[in-house]
Structures are given as C-alpha cells and as structure tokens.
Trainee: 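Input: one structure, supplied below.
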Amino acid sequence: MITFIKKNRLFLLASFLLPLLIMTVNFAILGIYWHSNTTVLAGDAYHQYVAFHALFSSILHHGSGFFYSFTSGLGLNFLSFSAYYLGSFFMPITYFFNASNMPDALYLLTLLKFGCIGLSSFIALKNMYSKLSNWLVLSLSGAYALMSFLVNQSEIIMWLDVFIWIPLILWGLHSLMDTQKRTLYFVSLALLFIQNYYFGFMMAIFLTGYFFVRMTFDGWSFRKLLDFAITSLLAGLASLIMILPMYLDLKANGEAFTPVTSLWTDKSWYLDIFSKNFVASYDTTQYGAVPSIYVGILTLFLAILFFATKSIRLRTKIAFFLLLSFIIASFYLRALDLFWQGMHTPNMFLHRYSFVFSILVVIMAAETLTRLAEIRLRWLLSLSFLTCTAFVATVLSKHYNYVKSLNSTLTLLFGIAYLVLLVASRKKWLSAKQFYIFVSLFMFSELAINAYYQLNGISDEWHYSSRASYDNNTKKIMPAAEKIAKDDQTDFSRMDETQPDTANDGMKYGYNSLSQFSSVRNRKSSSTLNLLGFRSDGTNLNLRYPLNTVLMDSIFDIRYNLNSNEPAKYGFEPTSLPNLTKNTAALPPAIFVANGYSDVKLKKKAIIANQTAFVNALSGTSSQFFKQFYTDKETTNAAITGGNGRVTLTQKNAAEISLSYTVTAPAKSQSYLKFADATYQNTDAQYVKVTLSSGNATRTLFVNTYDTGSLINLGYFEKSTQVTVTLEFPQNRYVNFDTTEFWAMPVNTYNSAIAKLKSNPVTAKEVKNGLNLTVTAKTSGDLFITVPYDKGWSAKVDGKSVTVKQAQTGFMRVPVSKGQHKVQLRFVPQGLKAGSICFVIAIVLFTIYNKKRSRA
C-alpha cells in the first residue's frame with residue numbers, strides 16, 4: 001500500500017480534492033460557505049440531521065450514554081436510532097461543535113465525505129483496473145463521487161458514508177474472486193452493515209447478482225461460490241453487534257410491510273432512463289420522482305459500448321445485461337421496487353436503490369476502457385446514433401417537463417465532445433496521454449455543471465435555511481435549555497414548545513422532550529399519546545406536542561413551556577427568562593398508582609374521554625375533568641354544509657373563508673376549542689389563522705393543523721369571560737373539518753387529582769442510560785413510568801431485580817410495596833449482548849477460515 005500511495009500520490013490527492021472543490025464552489029455559488037448567511041441545512045438536514053449531530057456532540061461532552069436518550073419522544077433507544085442515522089466514523093468531529101454552530105459542522109462533514117468518496121473510489125478502481133491510466137481512473141472516480149444520486153440527496157448526510165465503503169467492498173470482492181484475498185471484503189462489508197443496515201441490505205442484493213455476473217468471466221467455480229457465501233455470512237454475523245438490536249427494535253416498533261397493490265410503480269414511463277441521463281436533469285426528490293441514475297454522458301456511452309467489445313465473452317455480456325435489466329425492471333415493477341427497499345414504501349426520496357444502476361454503469365465503463373482499442377469506428381458511430389435517437393425521442397415525447405432546452409443543449413455539446421475525443425483517439429489524432437487529459441477535463445466540467453443544477457434543485461424544492469433563521473431560534477431556545485439544565489440538576493424534568501422550530505429541538509438543544517420526528521421511534525407509545533391528544537397518526541413518523549391540555553402537561557412531566565404565542569396556561573408561572581414558564585403541577589416521570597395500574601380502553605377520536613379515563617385510572621378517582629360549553633353566537637362568510645359530524649365551508653366571494661364564534665368561557669377554568677381532522681382544498685395552505693379576542697386583548701395564532709393536536713388553548717379565566725374566536729382559512733376555496741366543540745377544565749377538579757397523585761411522593765434523577773427513583777408509598781401499588789416501554793429496560797427495587805411490565809400499551813410499570821424505596825431503571829438494548837458475542841465469534845471464525853484457505 002505504501003508503494004501504491006507513493007506511485008499515485010498526486011492522483012490520490014486529486015481524487016479527494018476535485019469532488020470536494022466542485023461541491024465547495026457550487027455551494028459557494030448558492031451562497032453557502034463556512035459561516036455564511038445561508039446554511040447547508042435543507043429539508044431533513046434542518047429538521048433532523050443538525051439536531052441528531054448536536055445530540056451526539058452533547059453525549060460526547062456530558063457522557064449521558066449511547067444506549068438511551070430522553071431528549072425525544074419521552075425516551076428513545078439511542079443505539080437503534082444511531083444504527084439508522086449516525087453510523088459514521090466522522091461523528092467524533094461533532095465534539096468541536098455545539099447546537100449554535102452545528103450547521104458549519106454539517107457543511108464541513110458534507111465536503112469531507114464527498115472528498116473521501118472520490119478517494120476511496122479511485123483507490124478501488126485503480127486496484128481493480130490497474131492497467132487503466134490514472135487520468136481515466138480519476139475520471140471514473142469523479143463520475144462515481146458526483147453521481148446525481150449523491151449530489152441531489154446530499155442533504156441526507158447519513159447516506160454519504162455508505163458510498164465511501166462501496167468501492168472498497170467491490171475491490172474486496174474482486175480480490176476474493178481473483179486472488180483469494182478476502183480480508184478487505186469481510187471488513188468493509190461488515191462495516192457497511194454496521195454503519196447503515198438499510199443500504200447494507202440493498203448492497204447485499206446487488207453483490208449477490210454482481211458475484212454471479214462476474215463469475216462468467218472465468219467460468220463456474222463452486223470454490224469461489226463457497227468462499228463468497230462464507231465470507232459474506234461471516235461479515236453479516238459480525239454486523240449483528242448493531243443489526244440485532246436494531247432488528248429487535250424494528251420488530252417491536254416497525255411498520256407492517258407495504259402491500260403490493262399495483263403492477264407498476266407510480267408515474268413510471270418508457271423513457272425514464274434517458275430522461276434522467278440528460279446533463280443537469282433534476283425533477284424532484286419528493287413523490288413521483290424518476291430514479292436518479294446519472295453518472296455522466298461518457299460513462300453511460302462507455303457502458304453501452306461494453307456490449308461491442310470482442311474480448312468479453314457473450315455469456316458475460318448476457319449476464320451484465322440481465323443484471324442491468326433486473327435493476328431497470330425494478331424501477332417499473334412495484335413488487336421489485338419494494339423488495340429492494342425492504343418491502344416498505346419510502347417517505348419521499350424514492351427508488352433509494354437506484355445508485356446500484358450507477359455503480360454497474362461505472363464498472364461496465366471501466367471494463368470498456370480497458371478494451372478501448374477493440375472498439376471499431378462503425379460501432380462508435382452506430383451506438384452514437386442510437387443513443388442520440390433515444391435522447392431525441394425523450395425530448396420529442398414532451399412527457400418530462402424537467403427536460404428543457406438547456407438539458408438538451410448541454411447533453412448534445414458534451415456528447416459531441418466525447419465522440420470527437422473517441423474518434424480522435426481511434427484515428428491517432430491525439431496521443432494517449434492527450435486523450436486521457438481531455439477526457440478528464442471534459443468529464444469533470446460536465447460533472448461540475450450537473451452538480452450545480454442538482455444543488456439548485458434542492459434549493460428550489462427544499463430551500464437551504466438562512467443562518468439568521470437558525471440563529472434566531474437558537475437564541476430563543478438555547479438559553480431556556482441551559483437554564484433548565486442548571487436549575488434541575490438533581491431533578492428530572494421535560495420541556496416543550498407551543499410553537500417549536502422543529503420536532504427535534506429537544507435533541508438539538510439538549511432538553512428532555514415529548515416531540516419527535518424520526519424514522520426510528522417507539523410506535524406503541526406514540527400511538528397511545530396520539531389517542532391522548534398529542535398528534536402522532538399514520539405510521540407515527542411524527543410525534544407533536546402543541547395543542548393539548550394542561551392535564552396532559554402535568555401527567556407527562558412537561559414542567560417547562562416556551563410559550564410565545566398561546567394564551568397563558570393555568571399553573572404555568574413565569575421564570576426569569578422571557579416566554580419560559582414553569583408548570584407547578586407537573587408530576588415526575590414516575591407516578592405512584594395505589595393498588596396497581598390497570599389499562600383503560602382508549603378510543604379513536606375521543607381525546608377528552610380518553611384523558612379522563614386515563615387520569616382516573618392513575619389517581620383512582622372517577623372525576624369529570626372537562627365540561628362542554630356552547631356558543632352564544634356563530635357567523636361565517638362561507639356557504640356551510642355538513643353531516644355525519646363533519647362541516648364543510650365553501651367560499652362564496654373573493655373574501656377569505658372565515659368562521660367566528662362568540663362564547664362565554666366559564667370561571668376558574670382552562671378553556672379549549674376542539675378543531676380536528678381538517679382537510680383543505682389547497683394542500684400548500686394547510687393551516688388556520690386563529691384570532692382570540694376578549695375585552696381589549698386580541699391574540700393571533702397560526703396553526704398548522706397537520707402537525708399539531710386539536711385542542712386550541714383559549715386561555716384561563718378567573719371570571720366568566722366573553723371570548724370571540726375567529727377561524728380563517730387563507731388561500732382555500734373550501735375546507736372540511738369535524739364539528740367544533742368547546743371544552744372547559746375546571747381547575748378545582750384538576751388540582752384535586754394532581755394533589756392525590758402527589759400524595760405518594762416520587763423523585764427522579766436522570767443517570768447514564770437510565771433513571772434513579774425514590775418513592776414513599778402509603779400502600780402497595782405500581783410506579784407508572786411515562787417512558788416508552790422497551791424490552792431493554794431492567795429495574796431494581798432496593799437492589800433486588802423486578803420485572804418491568806408494559807402498561808397502557810406504550811409505557812411501563814414497576815410494582816412496589818408499602819414504604820420508602822429506591823428504584824433503579826437501566827437500559828441496555830435488547831440483543832446487544834448476543835450481537836456482541838456474534839461479533840467476536842465472527843471475527844474468530846473468519847480468522848481461522850482465512851488462514852486455512854490461504855494455506856490451501
């Protein structure tokens with residue numbers, strides 16, 4: 001390897017720097033650079049990845065443990081979460097950043113990862129095709145590193161690491177098959193599975209197909225098949241250290257398989273392959289996207305020329321054609337498309353396996369370049385004509401509105417340039433070195449232009465966040481998080497925001513939170529919370545705190561609120577920070593339930609009844625916490641129709657749809673308007689403008705109803721107060737929603753229940769991967785713990801192990817007897833011990849196997 005580095009050091013450096021510089025320049029054109037006014041945060045990068053990286057940094061600094069985090073969804077299996085989102089050797093770099101400057105960390109990591117992708121692909125391709133000129137290998141490594149799949153999905157930073165390992169895996173597979181050297185394949189494949197099991201699954205499918213395809217070069221060999229199978233299985237066994245805990249978590253909380261309801265994938269059409277191979281072709285990364293497969297015009301053309309080579313056997317050409325056809329068929333056939341993606345429909349970013357098409361095209365291009373002298377001029381011209389015809393047909397079809405004259409012009413110009421270079425090389429008009437250099441110059445120019453338009457597509461579709469917007473939210477939220485951390489050092493508490501920046505603010509700023517937006521989540525607890533009024537419907541991808549009752553705040557230990565928009569809540573007192581209030585009635589995360597807790601049946605669309613039944617089960621009472629009250633007056637400027645508990649408002653004139661209620665809010669009560677299950681004519685304006693007027697005070701709220709609960713806070717009133725509530729629906733011709741209801745929570749009933757729940761005192765302190773609790777119980781009963789149930793939890797009461805039981809589907813209970821007790825709750829992910837044993841066994845077995853096969 002040292003000799004290899006010395007011999008190729010300039011090209012190694014170039015392979016790292018060129019993708020990095022191209023991305024740097026293109027980001028800079030968009031106004032994105034180190035500490036720029038525009039950040040690299042677009043879409044999920046803003047709502048997820050910056051928060052996840054900030055949490056990782058916080059754990060490195062504070063040692064709170066890598067197994068469990070309370071900063072999201074009331075509690076989260078952090079190891080399983082990391083297996084999906086944070087599997088990267090670059091993560092330690094986050095130690096040098098915090099929430100306030102984490103956007104710069106993601107910018108730096110993105111550039112470094114693109115550089116490393118270029119470097120690893122150069123190293124792999126040069127070793128796989130050692131006879132190729134360094135210039136051509138550099139060009140192919142650039143095509144791989146800057147493929148459209150990577151650039152137009154660069155906001156999903158977790159995917160980039162995968163592409164550092166893939167070239168090394170392929171090099172390892174070539175070494176295993178050609179020279180019986182299997183260590184690189186074993187190590188790199190195991191690390192891919194450990195870092196990203198999701199892409200590891202897709203690569204396992206591709207590697208199986210590619211192994212059999214490559215077997216056709218030398219003919220069938222049972223020895224090679226056995227070697228491939230054993231080494232691959234041992235790599236899989238080693239990866240169980242991460243995959244087994246992840247699998248068990250998914251088994252407990254994952255979604256059902258997506259049913260195959262149609263033969264064809266959505267919106268696929270005949271010429272999709274060519275439409276996405278135009279230079280600068282970008283459609284969308286949301287729904288209805290065509291697979292992102294571009295790796296450069298010349299790379300594609302060389303892959304087509306693969307079938308015109310003489311020295312490659314027909315059986316090999318057929319094998320490559322079949323594998324390529326299988327991948328292409330997957331873009332069209334719904335069952336195959338789902339199969340690649342684990343039988344789950346992706347949440348946008350469709351056809352996530354389409355990168356394997358690009359990989360295969362690069363490999364075929366490399367095979368062609370090693371045999372370029374075999375290509376006859378007539379083949380160049382004939383295939384050029386056929387390729388050009390396909391591109392022209394794509395344009396003339398007018399089916400793809402994203403294929404514009406710019407795309408056609410760029411593709412034509414670069415296509416002509418490459419054809420001229422190939423003909424010039426064939427005719428000896430250029431020396432070999434001149435040909436190689438010109439190919440590199442044109443390819444990197446083309447890739448740079450394409451990358452620019454891919455990033456522009458992201459900018460237009462997802463919008464790179466401004467630094468000012470990010471900083472403003474940080475200045476608002478971080479001081480509150482820091483104050484809570486300082487004031488509650490020995491006491492566990494949670495905070496949430498009535499108008500959050502993202503659902504993952506708890507992760508970003510290091511406070512314990514109920515809200516969550518993550519593909520890895522505890523679906524059972526989220527489903528229960530949804531029935532109790534915290535929005536988490538569908539597949540529970542989101543769990544949202546806003547617009548629920550004070551009663552649920554107290555039960556789930558929401559001790560602090562950042563409230564800059566809603567009316568004041570009963571029992572929430574001001575603190576020394578603006579907008580930060582403290583809930584004096586908040587209960588600890590463990591509530592003592594006398595005589596034990598029994599589950600209650602929670603019903604859909606019955607939030608008020610569910611909350612009442614749940615709190616009565618905890619407190620052993622039969623209280624009515626809410627009372628319905630009715631409107632004094634109701635007016636609207638829209639046509640109103642309805643039935644079966646639904647109301648439809650239809651615009652009658654140019655004025656925006658509005659609906660007003662005048663109500664008398666009861667004395668000594670917290671009042672709410674229930675506004676639920678709204679659907680809108682305009683899917684780009686799914687929100688309601690709420691204006692609250694009482695006396696001389698007026699307050700306006702903007703409620704995005706698709707990610708909030710349904711109980712709009714009208715405020716707490718000491719005396720009966722007349723309130724006018726106006727709902728407006730901007731930019732909508734009609735809107736449909738459940739019949740509205742007004743509810744009041746008399747505070748005397750509320751206070752009585754809270755006092756009873758506090759009568760058996762419980763204290764809680766967060767420790768590394770767990771909680772320490774103390775309870776003084778006046779009778780035997782259960783500790784109901786408002787932390788998601790997971791089989792990884794274990795408990796000790798006064799040093800003796802007890803069974804942690806599931807309660808109310810998504811939560812936990814621990815039985816305790818009368819008296820004072822110390823309870824220790826600790827979390828070790830289910831399957832970690834078994835996975836670790838498998839990891840050690842796999843390494844030992846591979847070492848023994850490798851030595852024996854090497855000797856043989």
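In this chain, residues are counted from 1 in sequence order.
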Trainee: Considering non-hydrogen atoms only, spot the tightest contact between P578 and L562 and give its length.
Mentor: O-CD2, 4.4 Å

Trainee: Would you call the rings of W793 and F70 parallel, tilted or perpendicular, where under 30° means parallel and over 60° means perpendicular?
Mentor: tilted

Trainee: Evaluate the ring planes of W743 and F626, with Trp represented by its six-membered ring, and classify them as parallel (under 30°), tilted (30 to 60°) or perpendicular (over 60°).
Mentor: perpendicular

Trainee: Does a salt bridge link D537 with R535, judged by any charged N lying under 4.0 Å from a carboxylate O?
Mentor: yes

Trainee: Let's go through Q624 and T749 carefully: what are the C-alpha distance in whole Å and the side-chain angles of both, what is the deciding distance for side chain to side chain contact (heavy atoms under 4.5 Å, CB included) to 0.1 Å, and is it a yes or a no?
Mentor: CA-CA 8 Å; Q624 289 298 319; T749 309; over 6 Å; no

Trainee: Please lay out, stage by stage, how D491 and K765 fare under the test salt bridge (charged side-chain N to carboxylate O under 4.0 Å, His left out).
Mentor: CA-CA 5 Å; D491 196 13; K765 180 182 179 181; over 6 Å; no

Trainee: Run the salt-bridge test on D557 and R559 with the 4.0 Å N-O cut-off and return the result as yes or no.
Mentor: yes

Trainee: List the residues meeting ring pair (Phe, Tyr, Trp, His ring centres under 6.0 Å) with F625, not counting sequence neighbours, and say none if there are none.
Mentor: none

Trainee: Quick check for you: to the nearest 0.5 Å, what is the distance between L41 atom CG and H47 atom NE2?
Mentor: 10.0 Å

Trainee: Apply salt bridge (charged side-chain N to carboxylate O under 4.0 Å, His left out) to K805 and D782, showing your working.
Mentor: CA-CA 10 Å; K805 298 181 179 180; D782 286 337; over 6 Å; no

Trainee: Please confirm whether F81 and F67 have ring centers closer than 6.0 angstrom.
Mentor: no

Trainee: Partners of Y716 by ring pair (Phe, Tyr, Trp, His ring centres under 6.0 Å), sequence neighbours excluded?
Mentor: Y570

Trainee: Output, in order, the C-alpha distance, side-chain angles, deciding distance and verdict of side chain to side chain contact (heavy atoms under 4.5 Å, CB included) for Q499 and L701.
Mentor: CA-CA 10 Å; Q499 193 174 26; L701 316 175; over 6 Å; no

Trainee: Can a donor-acceptor pair be found between the side chains of E482 and Y511 at a distance below 3.5 Å?
Mentor: no

Trainee: Does the Lys NZ or Arg CZ of K475 fall within the cation-pi geometry relative to Y509 - under 6.0 Å from the ring centre and within 45° of the axis?
Mentor: no

Trainee: For F66 together with F56, are the ring centres under 6.0 Å from each other?
Mentor: yes

Trainee: Taking D553 first and then K569, would you say they form a salt bridge - that is, a charged N and a carboxylate O separated by under 4.0 Å?
Mentor: yes

Trainee: Run the ring-centre check on F811 versus F556 and record whether the distance is less than 6.0 Å.
Mentor: yes

